[in-house]
Structures are given as C-alpha cells and as structure tokens.
S.K.: 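Mind having a look at this structure? Questions to follow.
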Amino acid sequence: MSVIIAPSVLSADFGNLQRDCEMINQSDAGWYHVDVMDGVFVPNISFGFPVMNVLKKHATKTLDVHLMIVEPDRYIQRFAEAGAEVLTVHYEACTHLHRSLAEIKKHGMKAGVALNPHTPVSNLNGIIQDCNLVLVMSVNPGFGGQAFIENTHRKVSELKELIEKNNAQTLIEVDGGVSAQNARSLAQAGADVLVAGNAVFATPDPLSTIAALHKTANS
Ligand code: DX5
Ligand code: ZN
C-alpha cells in the first residue's frame, strides 16, 4: 500500500473552504484530516459539526476525524452521521478505551487511537489488535504549524514492531510538523498515513506541494 497524504483542514482557509475542498479532491491526497478541539483536552477550540457538514457536502475522499476532546463517547454517533469514516480518540481521554473503540466500529467507522508525545507505545500492548489505526502525535496537540518532535521516528518503529508481532492490520498515522524533510524517513519507519497542515497550506501552490509530499513519501 502506498503512503497516504492527509491534508489537515485546520490549516485551510475557512472563508474559502469549498475551494480548498476542491483542491484536495483533485490532489494526490488520499484522506482529509479533520481536527476537532474542545478547549478542554487541548488549549484551543477548532470547529465542530457546521464545518463537518461542509466537508461532507464537498469532500470526495475519506474524512479522517481526530477528536481532541474529553468524553469522546458522547459524540460517536454524531460524527458517524456527519460523515466520518475514520474516528480517532485520544488514549489520554478514554477511561474505557476498548468500549470506545467498539462503539466507533458499531457505528460503521474505522477506530483509531491517538498517542500524545509523552504516551508510550507499550500502553497499547493489550489493545493493538482492536485498533484500525494508531495516530502518533509528533507535536503536542492543539495547534498547527509546530516543530516536529524527533523522537517520533523511534515511536513509529516501535509501533510497527508491536503491530507485526501481533499480526494486526493497524495503520500508523503521524500527525504534526510533517514536511518534505521528514516524510520519507517516517514512511521508512513504518508510517502509512502522513498528516500535513502547515506544510501544505502555507505554500503558494498546495496542489503541487501535496504531489511532492506524496512522491517523497513513496520514493
Ligand atoms: C495538531 C493537529 C494536527 C495539525 C497538524 O493538534 O492534530 O493535525 O493540524 O498541523 P501541522 O502539519 O501544521 O503541524
Ligand atoms: Zn490531527
């Protein structure tokens, strides 16, 4: 499988969201990455269902929703209705992670778990087989445009090993500070999905930037 590029909508131009959706639809991106923040789990508030509805209307690719919220179980059904195909909750926000993942799957979505930079991969030892995806945070969640934490490479390799050891089908996603400088090494370490916000939308030609990232990651 080739490495998927998932542009982060958080860095899009909200005044021109339909235009940015059309750009992503035409691009080499495989997924849309959708960051939902509640101002409690993370020190920032992003957007919720009104923006999800715009994405559902215009996006022709998988909506990969990353919930940076407390008590995510309360909203699983709403996100399924809003068009999420992959729904990722934070390890640190779930007291009963197994139940949360089961609920997500029950609603027809792929279930993901996100790990903050300080959360060890080994915390997933007992649950890796139940994760369709693990999102490795390579910045502290809350904001786009932050510097990549280098230790992420080690975490991705360790996670890849855990997945193989358990014969699991789990995808590895890396989120935060991804750019043309680290896309290839992350793919080599085992990443299947690379999220890119600032590296895509802060460039004059996001369409070519996505193409270049896709090419580098798959080279
Ligand atoms: C951070 C979000 C990321 C963010 C990535 O909390 O989860 O998805 O949008 O943005 P960049 O690529 O700019 O670090
Ligand atoms: Zn994210």
Side-chain angles (χ1 to χ4, degrees), residues 3-14 17 20-21 23-24 27 29-48 51-52 55 59 61-70 72 75 79 84-93 109-119 131-153 155-156 171-187 191-204 206 209-210 212-214 216-217:
V3 176
I4 293 170
I5 304 299
S8 174
V9 173
L10 186 65
S11 296
D13 177 354
F14 289 97
L17 196 48
D20 284 358
C21 284
M23 182 281 292
I24 296 173
S27 75
W31 292 1
Y32 279 67
H33 185 76
V34 184
D35 288 310
V36 177
M37 305 178 183
D38 66 356
V40 179
F41 182 72
V42 288
N44 196 13
I45 298 175
S46 58
F47 50 74
V51 169
M52 281 296 299
L55 298 175
K61 297 175 177 177
T62 296
L63 296 181
D64 165 40
V65 179
H66 176 193
L67 296 183
M68 285 160 273
I69 66 174
V70 297
Y75 297 100
F79 279 102
E85 286 170 60
V86 181
L87 192 65
T88 295
V89 294
H90 262 265
Y91 178 87
E92 304 81 9
M109 299 175 285
K110 301 268 185 233
V113 179
L115 300 181
N116 274 339
H118 72 274
T119 303
C131 304
N132 296 124
L133 175 146
V134 174
L135 184 159
V136 180
M137 283 303 317
S138 36
V139 298
N140 286 295
F143 304 92
Q146 302 181 79
F148 181 82
I149 298 172
E150 283 302 331
N151 187 43
T152 307
H153 283 98
K155 283 182 89 171
V156 170
L171 294 178
I172 301 177
E173 180 170 30
V174 178
D175 185 10
V178 171
S179 68
Q181 277 71 55
N182 52 31
R184 182 146 193 270
S185 52
L186 288 168
D192 302 291
V193 185
L194 297 176
V195 175
N198 199 55
V200 165
F201 288 99
T203 55
T209 308
I210 294 171
L213 265 178
H214 185 260
T216 309

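Just so you know, ligand 1 is whichever comes first in the structure, and atom 1 is the first atom listed for that ligand. Side chains included, hydrogens not; waters and symmetry mates left out as well; all remaining heavy atoms used.
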S.K.: Any idea which atoms of ligand 1 are less than 4.0 Å away from a heavy-atom of A196?
M.R.: 12 (O)
S.K.: Would you say the side-chain atoms of T203 and T209 include a donor-acceptor pair closer than 3.5 Å?
M.R.: yes
S.K.: What protein heavy atom sits nearest atom 12 (O) of ligand 1, and how far off is it?
M.R.: G197 N, 2.8 Å
S.K.: Below 4.0 Å, non-hydrogen atoms only: which portion of N198 touches ligand 1? Side chain, backbone, both or neither.
M.R.: both
S.K.: Considering only heavy atoms of D175, which atoms of ligand 1 have at least one such atom less than 4.0 Å away?
M.R.: 2 (C), 3 (C), 4 (C), 5 (C), 7 (O), 8 (O)
S.K.: Under a heavy-atom criterion of less than 4.0 Å, does A199 contact ligand 1?
M.R.: no
S.K.: Measure the shortest side-chain to side-chain distance between D192 and E173 over non-hydrogen atoms and say whether it is less than 4.5 angstrom.
M.R.: no
S.K.: May I ask you to identify the nearest protein heavy atom to atom 6 (O) of ligand 1, giving residue, atom name and distance to one decimal place in Å?
M.R.: G142 N, 2.7 Å
S.K.: Roughly, to 10 degrees, what angle do D175 atom OD2 and H33 atom NE2 form around the Zn ion (ligand 2)?
M.R.: 100°
S.K.: Give the atom numbers and elements of ligand 1 that come within less than 4.0 Å of a heavy atom of G176.
M.R.: 14 (O)
S.K.: What atoms in ligand 1 come closer than 4.0 Å to a heavy atom of M37?
M.R.: 6 (O)
S.K.: Would you mind running through ligand 1 and noting each atom that sits below 4.0 Å from a heavy atom of F143?
M.R.: 1 (C), 6 (O)
